[in-house]
**Q** 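The structure under discussion is supplied below as structure tokens; questions concerning it will follow.
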Amino acid sequence: MKKRSTIEQIFLHLSLTVWSLIVLFPVYTLIVNSFKIQREIFINPFSLPTNITLEGYQNAIKYGNFSILFRNSLTITVICLLLIMFFGSLASYSLVRWKSTISKITYIFFILGMMIPVKLATISLIDLTQKLNTHDTLLAVIPIYVASGIPVSILVITEFIRNLPSGLIEAARIDGASEFQVYLRIVLPLCRPALATVAIFNMVPIWNDFWWPLILLRSKENRTIQLGVSLLFGEFSANWTNILSVLCLAALPMLILYLIFSRQFIKGLTAGAIKG
């Protein structure tokens, strides 16, 4: 592989540095303004706070029902991710091992699900949740998120499983392992990079989703963080200190999960890129 020249390396590092600053600037603005009083936010929104205040965080925890909002969002996200990774990996293993024309058609059918906006079925899904008596419960949104995440899960994990050494699977079969045992003890542990990729791809849209909680979750005890933040905006005014503080708290779990899965995420994205 041809080495880059010094000028190319400098340009590359400079471009990445500039891009990193552009991406991190909104994050910086969000964090510093969450420690300011509202008057200071309007006067100079990009400077460091002259007098640090924790009023926004205290109000979010004490008066904003943040613990309930956080619990609901975390419950929905964790359950959905576990179901997406389980059913996605199980379906992917089946599609890889089932070599026939029907399996290829089934795979294409799943991938086509990525092209259809699920919001087109809003009215039908509202009617369905009402008939199933799950409207205004967490069970109303979980199946929707799982169904939305399955196609990308199958797309990523199927290609990863195809690149696994077939000798491991055949050796397990010779030892008397059933198909499910092969999947559970051999395939699933080796798919951790792909599973981390699927988790990161799905956890941010699920955590940040506003549409389905707004449509299907109306009671206070079932609201999510994003829906709760929207209610902080008044008709004529808004307390930006409280809003930015809640947004910082809401972004913290996603940042922690990304840092945990980041190494496996990179492995999953680069899997199969280099063959040797």
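Counting from 1, the numbers follow the sequence of the chain as shown. Fair warning: this is a prediction, and the values are worked out from it, not measured in the lab.
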**Q** Does any N or O in the side chain of S94 come within less than 3.5 Å of the main-chain N or O of L90, such that one atom is a donor and the other an acceptor?
**A**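 Indeed, once roles are kept as given, a pair shorter than 3.5 Å links the two residues.
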**Q** Suppose we screen for salt bridge (charged side-chain N to carboxylate O under 4.0 Å, His left out). Which residues come up paired with R185, at least two apart in sequence or across chains?
**A**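 Result, salt bridge (charged side-chain N to carboxylate O under 4.0 Å, His left out) vs R185: none returned.
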**Q** For the pair L217 and R223, evaluate side-chain contact (heavy atoms from CB on, under 4.5 Å) and give the outcome as yes or no after the intermediate values.
**A** CA-CA 6 Å; L217 304 177; R223 289 172 181 169; 5.6 Å; no
**Q** Is a side-chain N or O of Q38 found less than 3.5 angstrom from the main chain of W240, in a donor-acceptor match?
**A**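 Yes, because the side chain of Q38 sits within donor-acceptor range (under 3.5 Å) of the backbone of W240.
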**Q** Within 45° of the axis and under 6.0 Å from the centre of the six-membered ring of Y107, does NZ or CZ of R162 qualify?
**A**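 Because its charged atom sits under 6.0 Å from the ring centre and within 45° of the axis, R162 does stack over Y107.
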**Q** Residues two or more places apart in sequence or in another chain: which of them pass ring pair (Phe, Tyr, Trp, His ring centres under 6.0 Å) with F110?
**A**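 Per chain and number, F110 pairs via ring pair (Phe, Tyr, Trp, His ring centres under 6.0 Å) with no residue.
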**Q** Considering only residues two or more places apart or on different chains, which pairs with a residue in residues 199-221 satisfy salt bridge (Lys or Arg N to Asp or Glu O under 4.0 Å)?
**A**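 Residue pairs passing salt bridge (Lys or Arg N to Asp or Glu O under 4.0 Å), neighbours aside: none found.
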**Q** Looking at V141, L81, N222, L139, which one forms a side chain to side chain contact (heavy atoms under 4.5 Å, CB included) with I76?
**A**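 Among V141, L81, N222, L139, the one meeting side chain to side chain contact (heavy atoms under 4.5 Å, CB included) with I76 is V141.
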**Q** Can you run down the salt bridge (Lys or Arg N to Asp or Glu O under 4.0 Å) pairs that involve residues 71-81, sequence neighbours left out, and say none if there aren't any?
**A**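 Listed by first then second residue: nothing to list.
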**Q** Between I154 and L95, does the side-chain contact (heavy atoms from CB on, under 4.5 Å) criterion hold? Intermediate values first, please.
**A** CA-CA 9 Å; I154 290 177; L95 291 172; 3.9 Å; yes
**Q** Evaluate side-chain contact (heavy atoms from CB on, under 4.5 Å) for V152 paired with I84, printing each intermediate quantity in order.
**A** CA-CA 10 Å; V152 67; I84 289 171; 6.0 Å; no
**Q** Is the side chain of T197 donor-acceptor paired with the backbone N or O of P193 at a distance under 3.5 Å, no angle test?
**A**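 Confirmed, T197 side chain pairs with P193 backbone.
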**Q** Please tabulate, one pair per line, all N/O donor-acceptor pairs under 3.5 Å involving side-chain atoms of residues 111-125, not counting sequence neighbours.
**A**
unit_1, atom_1, unit_2, atom_2, d
T122, OG1, K119, O, 2.5
T122, OG1, W211, NE1, 3.3

**Q** If only atom types and distance count, is the side chain of Q9 paired as donor or acceptor with the main-chain N or O of T6 below 3.5 Å?
**A**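 Not at all, since once roles are kept as given, no pair shorter than 3.5 Å links the two residues.
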**Q** Which residues pass the side-chain hydrogen bond (donor to acceptor under 3.5 Å, both in side chains) test with N72, sequence neighbours left out?
**A**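 Here no residue qualifies.
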**Q** Sequence neighbours left out, what pairs pass salt bridge (Lys or Arg N to Asp or Glu O under 4.0 Å) with at least one residue falling in residues 31-52?
**A**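 Non-adjacent pairs meeting salt bridge (Lys or Arg N to Asp or Glu O under 4.0 Å): zero.
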**Q** Which heavy-atom pair separates T29 from P45 by the least distance, and what is that distance?
**A**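 Looking at all heavy atoms of both residues, the shortest contact is CG2-O, 4.0 Å.
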**Q** Say whether I37 and I43 are linked into one hydrophobic cluster, either directly or through other cluster members, by side-chain heavy-atom distances under 4.5 angstrom.
**A**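 No, separate clusters.
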**Q** Hydrophobic clusters here meaning ILVMFWY residues chained together by side-chain heavy-atom distances under 4.5 Å, can you tell me if I79 and L74 are in one?
**A**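 Yes; L74 is reachable from I79 via cluster members.
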**Q** What residues, two or more places apart in sequence or in another chain, satisfy side chain to side chain contact (heavy atoms under 4.5 Å, CB included) together with L30?
**A**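 So L30 forms a side chain to side chain contact (heavy atoms under 4.5 Å, CB included) with L244, L247, C248.
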**Q** Given 3.5 Å as the limit, does a donor-acceptor pair link the side chain of S73 with the main chain of F70, or not?
**A**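 No; zero donor-acceptor contacts below 3.5 Å.
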**Q** Partners of T129 by side-chain hydrogen bond (donor to acceptor under 3.5 Å, both in side chains), sequence neighbours excluded?
**A**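 Partners of T129 by the side-chain hydrogen bond (donor to acceptor under 3.5 Å, both in side chains) criterion, ordered by chain and then number, come out as H135.
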**Q** Partners of F25 by ring pair (Phe, Tyr, Trp, His ring centres under 6.0 Å), sequence neighbours excluded?
**A**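 With sequence neighbours excluded, F25 shows a ring pair (Phe, Tyr, Trp, His ring centres under 6.0 Å) to F46, given in chain and number order.
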**Q** For I102, give me all partners under side chain to side chain contact (heavy atoms under 4.5 Å, CB included), at least two apart in sequence or on another chain.
**A**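 W98, S100, T106.
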**Q** So do W207 and I225 actually touch side chain to side chain, heavy atoms under 4.5 Å?
**A**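 They are in contact (side-chain heavy atoms under 4.5 Å apart), so the answer is yes.
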**Q** Out of curiosity, does L214 fall in the hydrophobic cluster containing L138 (side-chain heavy atoms, cut-off under 4.5 Å, transitive links)?
**A**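 Shared cluster, no.
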**Q** Counting only heavy atoms not in F11, do more than 12 sit closer than 6.0 Å to its CZ atom?
**A**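 Atom CZ in F11 is not packed in, count stays at 12 or less.
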**Q** Could I get the full list of side-chain hydrogen bond (donor to acceptor under 3.5 Å, both in side chains) partners for S89, not counting sequence neighbours?
**A**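 Testing S89 for side-chain hydrogen bond (donor to acceptor under 3.5 Å, both in side chains), a comparison that skips the adjacent residues, returns Y183.
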